[in-house]
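Computation of the quantities below employed the complete heavy-atom set of this structure, encompassing side-chain atoms and omitting hydrogens, waters and symmetry-equivalent molecules. So that the names make sense, note that chain A is the first sequence line, chain B the second, and so on, each numbered from 1. The structure displayed is predicted, hence computed values, not measured ones.
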2 protein chains.
Amino acid sequence: MPGGRPRAFDADTALDRALEVFWRQGYEGTSLTDLTTAMGINKPSLYAAFGNKEELFGAVLARYLEGPGGYAAAALDAPTADEVVRLLIHGAIELTAGHGGSRGCLCVKSVHAGGPDSEPVRRNAVAVRKAGEAALRKRLEQADDLPPGYTAAELAALVHTISDGIAVQAAAGRTRTELSRVADTALRALLG
Amino acid sequence: MPGGRPRAFDADTALDRALEVFWRQGYEGTSLTDLTTAMGINKPSLYAAFGNKEELFGAVLARYLEGPGGYAAAALDAPTADEVVRLLIHGAIELTAGHGGSRGCLCVKSVHAGGPDSEPVRRNAVAVRKAGEAALRKRLEQADDLPPGYTAAELAALVHTISDGIAVQAAAGRTRTELSRVADTALRALLG
DNA sequence: CTAGTTTCATACCGTTCGGTACATAACTGG
DNA sequence: CCAGTTATGTACCGAACGGTATGAAACTAG
């Protein structure tokens, strides 16, 4: 029965444009005008398609996790615990050292959105992070080749922490080359 | 010749109130109303005493570095390189695990202020971070008891990165106890 | 007490914020 | 062609933003 005027933009590519902006400027630093300009649509179209700024960010974060951040889930499939850790650290560098104009990790940035209105966004990011570390811990718990001297929980928390540190360093302007040196040092200390 | 009406507030305690708010909500998440309310003064008083929001943040950041963040400079006076690193990591936990309502590190938060207007603030935070790591590197370069397997630059960068990671973890809600476990694991891996 | 100086509180400035009403345009089914 | 539905562009909403003009209040020097 229905039909209606077809939308003049592709929702997925618009979401990718929104991801670029949020990734570069953070949730609080991004205005609706920034978004509509980057997405090439008007505000009513944005609201009809994505709800509001907060819901749009939710969709963007989900896309971030299965797109640029997808390496993290993939890394868990590596054969050895050792390799899982290496893939996670090196993946963090590739992710954060510079995608276009964006430096750092969208999820880490979102955790630092401190305004009262941004609390739902912050909680969302925290939940995503917790789930990610839980998945890593479970992967390590089931490993029979854990690096000596760690429990699965300890290693998962430490790897997560170092990954966060890399994201901050990247956001503060460290180059991919410098980050690689830091990662090599860390992996040498962690895994020998 | 002069005299003038005396100000009805103490500038230092007002600065401390501003620090609390900025630390909790970040630069972009804090409005002038938030600030004047917490400081107990009106906007014209704020502008007369501190310039504008951006300059006030500069003063706040400086106060943060020599107050709550002062442990970092103090740690460099420890007798051994080993002890310097331990003091930095444990200090980072005390700093970030919860001062009043604030979690995380003001400097790390400020690096993630991504809006166009906040760029001076971001640059300021980046400069402070760079200077801090340079001081640590110099301290380690002059040490004759460097932990084996690292250059001074490598160890400084890695310790800085782990410290950043701790700040993110704290901002994401990890408790002081959990952070201590992460730190113990990290120090064991780093220093044996 | 007066003149000069500085801070105070109030009220306001233009701009931008996130979000929406409304009329029109483009489509589908009958 | 017409009725119904959905998307579009424009123009607008009240609220909050960072920042300021203004006049009274509180002090010091003479």
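- A:Asp117 comes within 4.0 angstrom of nothing in the nucleic acid, heavy atoms only.
- As a whole-Å value, the separation of B:Phe50 CZ from C:dT7 P is 12 Å.
- Taking 4.0 angstrom as the limit, A:Ser45 places none of its side-chain polar atoms (N or O) nearer than this to OP1 or OP2 of D:dA7.
- Taking atom CD on B:Glu28 and atom P on C:dT16, their separation rounds to 16 Å, with Å as the unit.
- If you take OH of B:Tyr47 and P of C:dT10, they are 18 Å apart, rounded to a whole angstrom.
- The separation between B:Phe57 atom CZ and D:dG18 atom P is 14 Å, rounded to whole Å.
- The side chain of B:Leu32 approaches D:dG19 more closely than any other nucleotide in the set D:dC17, C:dC27, D:dG19.
- Between B:Thr33 and D:dC17, a side-chain N or O to OP1/OP2 separation shorter than 4.0 Å is present.
- Using a 4.0 Å cut-off between a side-chain N of Lys or Arg and a carboxylate O of Asp or Glu, A:Arg123 and A:Glu119 qualify as a salt bridge.
- Summary of the strand contacts: B:Phe9 and A:Gly51 both lie near DNA chain C, and taking for each the nucleotide with the nearest heavy atom, the more 5' one is attributed to B:Phe9.
- Closest approach to the B:Arg7 side chain among C:dC17, D:dT8, C:dC8 is made by C:dC8 (side chain taken as heavy atoms from C-beta onward).
- Summarising the geometry, the separation between CG on B:Leu35 and C1' on D:dC17 is reported as 12 Å, rounded to the nearest angstrom.
- Following rounding to the nearest Å, B:Asn52 (CG) and D:dC17 (P) show an atom-to-atom distance of 16 Å.
- Nearest nucleotide to the side chain of A:Ser31, out of D:dG18, D:dT10, C:dG18: C:dG18.
- Using a 30° and 60° split on the angle between ring planes, A:His112 and B:His112 fall in the parallel class, below 30°.
- Atom P of nucleotide C:dG18 and atom CD of A:Glu55 are separated by 15 Å, given to the nearest angstrom.
- Residue contacts for A:Ala8: at a heavy-atom cut-off of 4.0 Å it reaches the sugar-phosphate backbone alone, with no base atom in range.
- Between A:Cys105 atom SG and A:His99 atom NE2 the span is 11.0 Å, to the nearest 0.5 Å.
- Along DNA chain D, the nucleotide closest to A:Arg5 and the one closest to A:Pro44 are compared, and the more 5′ of them pairs with A:Arg5.
- In this model, a donor atom of one side chain and an acceptor atom of the other lie less than 3.5 Å apart for B:Asp34 and B:Ser31.
- Annotation: cation-pi geometry not satisfied between A:Lys53 and A:Phe22 (NZ/CZ under 6.0 angstrom from ring centroid, within 45° of ring axis).
- Within 4.0 Å (heavy atoms only), A:Thr36 reaches no atom of the nucleic acid at all.
- No hydrogens or angles were tested; on distance alone, a donor-acceptor pair under 3.5 Å links the side chain of A:Lys43 to the base of C:dG19.
- Nucleotide D:dG9 holds its P atom 13 Å from the CE atom of A:Met39, rounded to whole Å.
- Residue order along DNA chain C, read from the 5' end via each residue's closest nucleotide, puts B:Pro6 first among A:Asp34 and B:Pro6.
- A:Leu95 contributes atom CG, which lies 9.0 Å from atom CG of A:Leu106 (distance to the nearest 0.5 angstrom).
- For D:dT8, the OP1/OP2 oxygens have no side-chain nitrogen or oxygen of A:Asn42 closer than 4.0 Å.
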